[in-house]
Q: 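Before I ask anything, here is the structure I am working with.
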Amino acid sequence: MADLQAPRGMHDLLPEDEALWRFVRDTCERVAGLFDYRMISTPMVEDASVFLRTVGDESDIVSKEMYVFEDRGKERLALRPEGTAGVCRAYIEHGMGSWPQPVRLYYFGPMFRYDRPQAGRYRQLTQFGVECIGDASAAADVEVIELQRTVYEELGLNDITLRINSIGTAATRRRYLDALTEHLLPHVPTLSHDSQRRFETNVLRVLDSKEDAGHPAVQGAPSILDFLDEGDATHFAEVRGLLDRLGVAYEVDPRIVRGLDYYARTVWEFEPADGGGQSTVGAGGRYDGLIELLGGPHTPGVGFATGIERIVLNLREQSAPTAAASPDLFIAPLGEAGPAAAMRLAREVRSGGLAVRLGMPGRGLRAQFRSAETAGARFIAIVGDTEAERGTAQVKALGLDGAEQQEVVMQDVALVVMPR
RNA sequence: GUGGGCGUCGCCUAGCGGUUAAGGCGCCAGGUUGUGGCCCUGGAGACCGAGGGUUCAAAUCCCUCCGCCCACCCCA
């Protein structure tokens, strides 16, 4: 075992992973483009208060999962644990409030959370996310949900369930939590040990308990939907109506509560059918108060983030690995003049847009051929002293029996190798 | 933070008190002084996660630590 390893919960992406990752990333960006969303890249590091003020200092993310540090100038910085806060900071900083509204943005990049790693959970994770800022209408919620749904569809992710809920405003949640606590209090002694703990730390989680799913006190618990004010209820009804007319399947799940404090009104999760512990593949919600928390004017917003590692995990389960990329031409340098001539030939062929792999000088021709085969090259070009002097190469197709070998002037090699 | 499982060449695995620590894949070379895929031969590559102990003898037994994985919590 090497004594130096990647930090816990952070992983190398190897060449063999490239094809799948590229596919996922391209699909995300392509679909975002179809919805006329534009890319934004914000720093991986922000002033810590960007998150302290928005995500909620009571939340697990801030209270125990954030990488915070002081730089040499004594600035208190944080590795971003999520993407929305940074995007909103940029929205304010660049005066996007004076752009045509809403501003439609997407991002793709690493996030950091000091969690204990496990399957589908990492300390460095990659998220693709979308933000629609400046539109308070239910149509914006549905546009974002539809975008996310399309991404999964285009990725070929099967059997994904959309669960939505409305959590109203912070005031709604406060009233609801009080009512829930009051409702459960008399039943606490009859709840499972686990639920009793949850009752103390996070009452909402009691409703999630598998053990107590059939418990009368849990089944009869009040629903947050009954605590929504009129505006919230109307908004939620509109969202559902639009989803219905779009033909998007969903289920209303009053137990969904996003982990971040800034959410308001609509919240949702996408979950694959074979759900395990870490199964949520992407989630989103409306965050109408967020920009104000960052010192900007009151501005509505809605967005989602999806975990690329979790998508990849699901994709790997349901499909065969994609083929690795291979060069069009392998050039085998021989003799004294071979290496230099091979490089000249490589430049020539590459300028024609073809991928070229150079063989190691000093190796026998036999070894060169073997390398060319393992590399999966379609053609091999041999350049030794004779060829170098004549400005040619011996070109031969690989992969088939009895392929003919021909001497070709260097300028024409690209033409011979070019796929037709 | 709390439980559980596991650490033997780059990868997968055998060995479970006494072996020069074995095999497969991969890598390198040779089988034609400039011709491949298959095959054959050879080679390089492991202080058996680290440290301590028990024993005449430890990869094998015991302890501690570290790391990885899985689960809880929470979340993407």
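Here the structure is a predicted model, which is why all the values come from computation and not from measurement.
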Q: Could you tell me how far apart A:R163 (CZ) and B:rC75 (P) are, to the nearest whole angstrom?
A: 13 Å
Q: Quick one: is A:R363 getting a side-chain N or O under 4.0 Å of the B:rC28 phosphate, OP1 or OP2?
A: yes
Q: Whole-Å distance between B:rC75 C1' and A:M66 CE?
A: 16 Å
Q: Which whole-number value in Å describes the distance from A:Q405 CD to B:rG34 P?
A: 14 Å
Q: Per the ring-ring contact (aromatic ring centres under 6.0 Å, His included) rule, what does the pair list look like for residues 342-382 of chain A, sequence neighbours excluded?
A: none
Q: For a quick check, tell me whether the side chain of A:R370 and the base of B:rG31 share a donor-acceptor pair closer than 3.5 Å.
A: yes
Q: Tell me: CD of A:Q5 to C1' of B:rG67, nearest whole Å?
A: 6 Å
Q: Measure from the side-chain heavy atoms of A:A283 and tell me the nearest of B:rG36, B:rU2, B:rA76.
A: B:rA76
Q: Check the phosphate of B:rU35 against A:Q368, side-chain N and O only, distance under 4.0 Å to OP1 or OP2. Yes or no?
A: no
Q: Select one nucleotide: of B:rA76, B:rG37, B:rU35, the one nearest the side-chain heavy atoms of A:K396.
A: B:rU35
Q: Would you kindly check whether a donor in the side chain of A:T374 faces an acceptor in the base of B:rG37, or vice versa, at under 3.5 angstrom?
A: no
Q: Would you check if there is a donor-acceptor pair between the side chains of A:E292 and A:Y262 at a distance under 3.5 Å?
A: no
Q: What nucleotide among B:rG36, B:rU35, B:rA76 has an atom nearest to a side-chain atom of A:L398?
A: B:rG36
Q: Just N and O in the side chain of A:R366: are any of them under 4.0 Å from OP1 or OP2 of B:rA29?
A: no
Q: Hey, is the main chain of A:L14 close enough, under 3.5 Å, to the side chain of A:D17 for a donor-acceptor pair?
A: yes
Q: From C-beta outward on A:R116, which listed nucleotide comes closest to its side chain: B:rC68, B:rU2, B:rG36?
A: B:rU2
Q: Can you tell me if the side-chain N/O atoms of A:R310 get under 4.0 Å from OP1 or OP2 in B:rA76?
A: no
Q: Compare side-chain N and O positions of A:Q118 against OP1 and OP2 of B:rC70 and report whether any pair is under 4.0 Å apart.
A: no
Q: Quick one: side-chain hydrogen bond (donor to acceptor under 3.5 Å, both in side chains) partners of A:D12, sequence neighbours excluded?
A: none
